[in-house]
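Right, one structure below, let's go through it.
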Amino acid sequence: MNQWEQYFRKVVPYVPGEQPSVPGMIKLNTNENPYPPSPKVKKAMEELDMDKLRLYPDPTSHALAEALSTVYGVNKEQIFVGVGSDDVLGTAFLTFFNAEEPILFPDITYSFYEVWAGLYRIPYVTLPLLEDFSVRKEDYYRKNGGIIIANPNAPTSLNMDLEAIRDILLNNKESIVIVDEAYVDFGGESALSLLAEFENLLVVQTFSKSYSMAGIRIGYAFGAPSLIKAMNDVKYSYNSYTMNLPSLWYGAEAVNDQAYHNKMLAKIISTRTWVIEELKKLGFTMPDSKANFLFATHKEIPAEKIFLALREKNIYVRYFNKPRINNYLRITIGTDKEMETLMSALAEILKVTSLTN
Ligand SMILES: *Cc1c(COP(=O)(O)O)cnc(C)c1O
């Protein structure tokens, strides 16, 4: 080992889902949206004036914040914009979680939370979800340095009702509570409506899932002006120009096209409804999903076996080899056609596997 290595910051990095590019594959492993973004984004891309790229982008992300402000009915001083919600969440961890008391989050949730906690040396305690994967809100009524909850949760897909979030806020008036709403548009209820009541609430959303723009990298947070200012102070102390100029424009175009957004959401929700019924017929069970994915387990065949067999057939879903969830598959809702192919593949795999058992 070189002498200098002792001064390296040691971290255990986040492991994203694989991004294979096999021709003809069906990709249901990272919760991307199967439909294209709004046609207004395409038009903006075609009209982009190359000469503008000579200049630095607006560090305040004004145009995008303005569009979000109008559509979501929140003042501009209450909006923070970042490079995907991962950037927004990472900035929030760095800004708000500096107490000696540990921060709290569920044992089964977005695995990036413990990665940021590790990176920034934030003490944390994970609280076990109940057997049915629901959050026991009373577990969060204890001294802490902050709370983060994904709602709907990932990878469980379960939604917690707003009353429970409100109870957690009522019992935590001295720390910041972050609600990660990456999937809220697929049937959850946003904590945005609680913003007027709680100055310690930060609501984080993204363009990656419901707006079909994972490749553009835009996330945003809503919170009290004092919280947003604190996050901006940290951002300006690290990298003032996080948002590239085209993405600020494309993001605004996407948000302004709510008619298209709602149409795509309805489509995914209706696909989810029939997929749930079909999976149940094949012997799967799953929590009630309010997200664009299902978290399914089979009554006989181990999840890992199904995962590998699907991969043989060029169908990618997500499998987590972790305690409590190692018999589950996380399946993104794709197009109707993709889901039909998945169903026939599953029927075949289950038939062959139960014959050889
Ligand atoms: C996908 C996801 C994110 C981050 O998405 P970005 O692409 O960085 O916006 C954050 N939280 C959860 C729970 C997610 O599933």
Side-chain angles (χ1 to χ4, degrees), residues 13-19 27-34 37 61 64 68 79-94 103 105-117 119 126 129 133 135 147-160 165 177-188 190-191 202-222 231 235 239 242-244 247-248 250-251 254-255 261 265 268 272 287 289-295 317-318 320 322 325 328-334:
Y14 175 72
V15 184
E18 38 175 350
Q19 299 294 353
K27 192 170 180 307
L28 307 174
N29 70 333
T30 51
N31 297 342
E32 286 136 334
N33 196 309
S61 303
L64 180 53
L68 287 165
I79 302 174
F80 179 88
V81 177
V83 187
S85 54
D86 286 342
D87 180 40
V88 176
L89 291 164
T91 304
F93 270 59
L94 185 56
I103 63 165
F105 51 87
D107 63 337
I108 301 167
T109 190
Y110 190 37
S111 55
F112 224 135
Y113 303 157
E114 60 185 11
V115 174
W116 286 310
L119 173 64
T126 59
L129 295 179
F133 295 142
V135 172
I147 292 173
I148 176 149
I149 289 185
N151 197 38
N153 196 10
T156 67
S157 79
L158 260 188
N159 186 60
M160 195 173 171
I165 296 280
V177 177
I178 302 176
V179 185
D180 178 355
E181 297 188 335
Y183 300 102
V184 73
D185 293 338
F186 300 101
S190 178
L202 191 78
V203 177
V204 178
Q205 299 187 356
T206 176
F207 280 67
S208 297
K209 283 47 183 254
S210 72
Y211 284 102
S212 307
M213 290 166 81
I216 292 274
R217 311 303 303 132
I218 307 174
Y220 50 101
F222 299 125
M231 287 178 76
K235 176 191 120 161
N239 176 6
T242 52
M243 306 301 295
N244 68 69
S247 76
L248 291 172
Y250 305 155
V255 169
H261 188 229
L265 291 174
I268 288 170
R272 180 177 73 199
S289 171
K290 292 283 184 268
N292 67 336
F293 61 88
L294 300 171
F295 199 50
V317 299
R318 190 93 190 256
F320 301 91
K322 285 187 181 174
I325 57 170
Y328 283 81
L329 297 172
R330 195 193 67 188
I331 306 170
T332 305
I333 303 295

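Owing to the predicted nature of the structure, the values given are computational and were not obtained by experimental measurement. All ligand and atom numbering here is 1-based and tracks the order in the structure.
Atoms of ligand 1 lying under 4.0 Å from at least one heavy atom of Ala182, given by number and element, are 2 (C), 11 (N), 12 (C), 14 (C). Near Lys209, with a cut-off below 4.0 Å to any heavy atom, the atoms of ligand 1 are 1 (C), 2 (C), 3 (C), 5 (O), 14 (C), 15 (O). The distance from ligand 1 to the heavy atoms of Gly84 drops below 4.0 Å at these ligand atoms: 8 (O), 9 (O).
Annotation: Tyr113 places no N or O atom under 3.5 Å from an N or O atom of ligand 1; distance criterion only. Polar contact with ligand 1: present for Thr206 (N/O pair, distance under 3.5 Å).
Cation-pi check for Arg330 over Phe295 is not met; the charged atom does not lie both under 6.0 angstrom from the ring centroid and within 45 degrees of its normal.
In this model, no donor atom of one side chain and acceptor atom of the other lie less than 3.5 Å apart for Thr126 and Asp107. When only modelled atom types and interatomic distance are considered, Asp185 and Tyr211 share no side-chain donor-acceptor pair under 3.5 Å. In summary, the side chains of Lys209 and Thr206 do not present any donor paired with an acceptor at a separation below 3.5 Å, with no hydrogens or angles considered. Asn159 and Tyr183 form no side-chain donor-acceptor contact under 3.5 Å, judged by distance and modelled atom types alone.
In this pair, Phe112 and Trp116 present their aromatic rings parallel. The plane angle is below 30°, not in the 30 to 60° band.
Proximity of Tyr183 to ligand 1, defined as any heavy-atom pair under 4.0 Å, is confined to the side chain (atoms from C-beta onward). At a heavy-atom cutoff of 4.0 Å, ligand 1 is contacted by the side chain of Asp180 but not by its backbone. Contacts between Ser85 and ligand 1 below 4.0 angstrom, taking non-hydrogen atoms only, involve backbone and side chain alike.
How far OG of Ser208 is from CD of Glu32: 9.0 Å, rounded to the nearest 0.5 Å.
Nearest protein heavy-atom neighbour of atom 8 (O) of ligand 1: Arg217 NH2, 2.8 Å.
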